[in-house]
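Report on the structure given below.
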Amino acid sequence: MHALVQGLILGILTAGVYALMASGQTLIFGVMKVVNLAQGAMVILSAYLSYQLFTSFGIDPLLAIPATTVVMFVLGVVVQLVFLRPLRAEDRSELSLLVTFAVALLLEGIMSVTWSTSVRSINTSYANSSWSVGGYQITLVRLWAFLLSIAALGILYLLLNRTRLGRAIRATVQNPESARLLGVESDRVSAIGFGLGAATAAAAGSIYGLLYPFNSGSHYDLISRLLSIVLLGGLGSIGGAVVGALIVSTSSAVVAATISPSWSEMTFFVILLLVLLVRPQGLFGTTARGAI
């Protein structure tokens with residue numbers, strides 16, 4: 001029972017970070033109907049940027065989030081304008097997979113040349129600090145990661161639901177043709193939406209670098225997890241991404257704590273398969289174009 005509860009605690013704290021990553025993935029899909037295979041590479045690039053700021057200037061990775069967020073937002077807008085906008089609408093859903101995968105490979109190459117392929121980690125003074133609550137260990141890094149992820153998701157929620165830009169994004173998701181008739185510039189919204197998706201990768205990347213060792217190839221495992229979370233929750237649903245992240249993270253942590261770490265890696269794939277057999281559109285997805 002102790003191992004089960006400890007696994008649940010670990011899974012819940014980690015779920016916030018995965019939810020933040022997956023929310024950007026599902027936001028991009030909702031706005032553009034593009035499955036962004038470069039999202040994992042953007043997270044790792046953000047981790048490298050935080051690592052460089054920490055090692056060169058002593059800037060704490062958590063304090064570096066605003067700077068990395070701006071950089072990745074600009075990168076996301078550039079990727080959308082240069083690589084995705086030229087695609088014809090009828091070809092976008094198929095070719096975007098190849099284009100975003102090519103972007104991921106390009107980012108991997110840049111990271112390999114700049115930082116080599118050696119495994120890096122961000123070791124702050126509080127990296128090994130933890131609290132004992134009722135006999136259960138809560139690491140300070142994971143607690144901060146969880147709280148900051150929840151804060152970032154809250155900001156994203158407010159942006160989408162309390163601002164004019166957010167209303168334009170949601171209108172584009174629900175009915176792009178009607179949104180254009182109402183004066184919404186779909187190309188501009190798509191660029192900003194992709195930038196916001198990349199910005200969430202920046203916030204998550206700084207936190208990810210604190211939690212896990214990483215190198216330029218880490219995005220392959222990461223994107224498989226993110227796609228599983230997004231498909232489990234339902235494409236286009238940010239709320240579904242949060243629930244999917246919670247299910248994936250807690251189940252994996254519980255299996256690792258109670259059975260074996262070697263089985264935990266396939267746990268979320270089994271859950272995903274079972275859910276999709278019953279509900280192919282995911283837990284919160286719809287068969288038609290749905291709202292964020």
Side-chain angles (χ1 to χ4, degrees), residues 11 14-47 72 76 79-80 83-84 92-108 149 153 173 193-194 196-198 200-205 208 212 214 216-253 264-287 289-290 292:
T14 307
V17 183
Y18 281 110
L20 185 57
M21 299 180 199
S23 65
Q25 180 89 336
T26 200
L27 175 63
I28 291 172
F29 179 83
V31 173
M32 298 181 58
K33 287 297 177 281
V34 166
V35 177
N36 180 25
L37 296 183
Q39 186 76 359
M42 290 179 175
V43 172
I44 300 303
L45 176 58
S46 302
M72 295 305 295
V79 168
Q80 198 279 334
F83 296 104
L84 294 174
R92 184 171 291 167
S93 58
E94 292 82 10
L95 291 180
S96 64
L97 288 172
L98 298 176
V99 171
T100 55
F101 184 64
V103 171
L105 294 180
L106 175 62
L107 293 178
E108 180 185 354
S149 297
L153 286 169
V173 171
F194 204 98
L196 288 175
T200 63
Y208 184 87
Y212 306 104
F214 59 91
S216 57
S218 297
H219 69 98
Y220 293 110
D221 177 66
L222 195 53
I223 193 61
S224 67
R225 288 175 177 264
L226 295 183
L227 289 175
S228 298
I229 291 170
V230 171
L231 290 172
L232 179 61
L235 286 168
S237 172
I238 290 182
V242 174
V243 175
L246 186 62
I247 293 173
V248 166
S249 182
T250 53
S251 62
S252 181
S264 67
E265 294 299 321
M266 65 172 293
T267 303
F268 55 89
F269 290 118
V270 174
I271 294 175
L272 174 65
L273 178 61
L274 293 176
V275 170
L276 293 183
L277 285 174
V278 177
R279 188 174 171 82
Q281 67 269 35
L283 295 174
F284 296 91
T286 58
T287 53
R289 184 183 293 266
I292 287 181

(Q) Would you say CZ of Phe101 has more than 12 non-hydrogen atoms from neighbouring residues, nucleotides or ligands within 6.0 angstrom? (A) no
Q. Closest heavy-atom contact between Ile44 and Ser218?
A. CD1-CB, 3.7 Å
Q. With sequence neighbours excluded, what pairs up with Phe194 under the ring-ring contact (aromatic ring centres under 6.0 Å, His included) test?
A. none
Q: Could you list the residues that satisfy ring-ring contact (aromatic ring centres under 6.0 Å, His included) with Tyr18, not counting sequence neighbours?
A: none
Q. Of all heavy-atom pairs between Gly11 and Ser249, which one has the smallest distance, and what is that distance?
A. O-OG, 2.7 Å
Q. Are the side chains of Met21 and Ile229 in touch, meaning some heavy atoms are under 4.5 Å apart?
A. no
(Q) Which residues pass the side-chain contact (heavy atoms from CB on, under 4.5 Å) test with Ala253, not counting sequence neighbours? (A) Leu10
Q: State the OG-CG distance between Ser224 and Leu37, to the nearest 0.5 angstrom.
A: 11.0 Å
Q: Could you tell me which non-hydrogen atom of Ala22 sits nearest to which non-hydrogen atom of Ala241, and how far apart they are?
A: CB-CB, 4.0 Å
(Q) Please give me the minimum heavy-atom distance between Met42 and Ala201, naming the atom from each residue. (A) CB-CB, 3.9 Å
Q | Distance in Å, Thr26 OG1 paired with Leu231 CG, rounded so as to fall on 0.5 Å steps | A | 9.5 Å
Q: Return the minimal non-hydrogen interatomic distance between Ser46 and Met72, and the atom names on each side.
A: OG-CG, 3.2 Å
**Q.** CA sep, side-chain torsions, deciding dist, call: Phe284, Val242, side-chain contact (heavy atoms from CB on, under 4.5 Å)
**A.** CA-CA 11 Å; Phe284 296 91; Val242 174; over 6 Å; no
Q. Where the side chain of Gln25 meets the backbone of Asn36, is there a donor-acceptor pair that is under 3.5 Å apart?
A. yes
Q | Heavy-atom closest pair, residues Leu153 and Ser23 | A | CD2-OG, 3.6 Å
Q.
Does any part of the side chain of Leu283, heavy atoms only, come nearer than 4.5 Å to the side chain of Ile247, both counted from C-beta?
A. yes
Q: Check whether any side-chain heavy atom of Leu20 lies under 4.5 Å from a side-chain heavy atom of Tyr208, and answer yes or no.
A: no
Q. Roughly how far apart are Leu196 CG and Leu27 CG, rounded to 0.5 Å?
A. 6.0 Å
Q.
If we check side chain to side chain contact (heavy atoms under 4.5 Å, CB included) with Gln39, which of these qualifies: Leu222, Thr200, Leu227?
A. Thr200
Q: Please confirm whether the backbone N or O of Leu246 pairs with a side-chain atom of Thr250, one donor and one acceptor, at under 3.5 Å?
A: yes
Q) Under 4.5 Å between any side-chain heavy atoms of Leu84 and Ser96, yes or no? A) yes
Q) So do Val35 and Phe29 actually touch side chain to side chain, heavy atoms under 4.5 Å? A) yes
(Q) Taking the side chain as everything from C-beta on, heavy atoms only, tell me whether Val43 gets closer than 4.5 Å to His219. (A) no
(Q) How long is the straight-line distance from CG of Leu45 back to CG of Leu107, given to the nearest 0.5 Å? (A) 6.0 Å
Q. What's the spacing between Ser228 OG and Ile223 CD1 if we round to 0.5 Å?
A. 9.5 Å
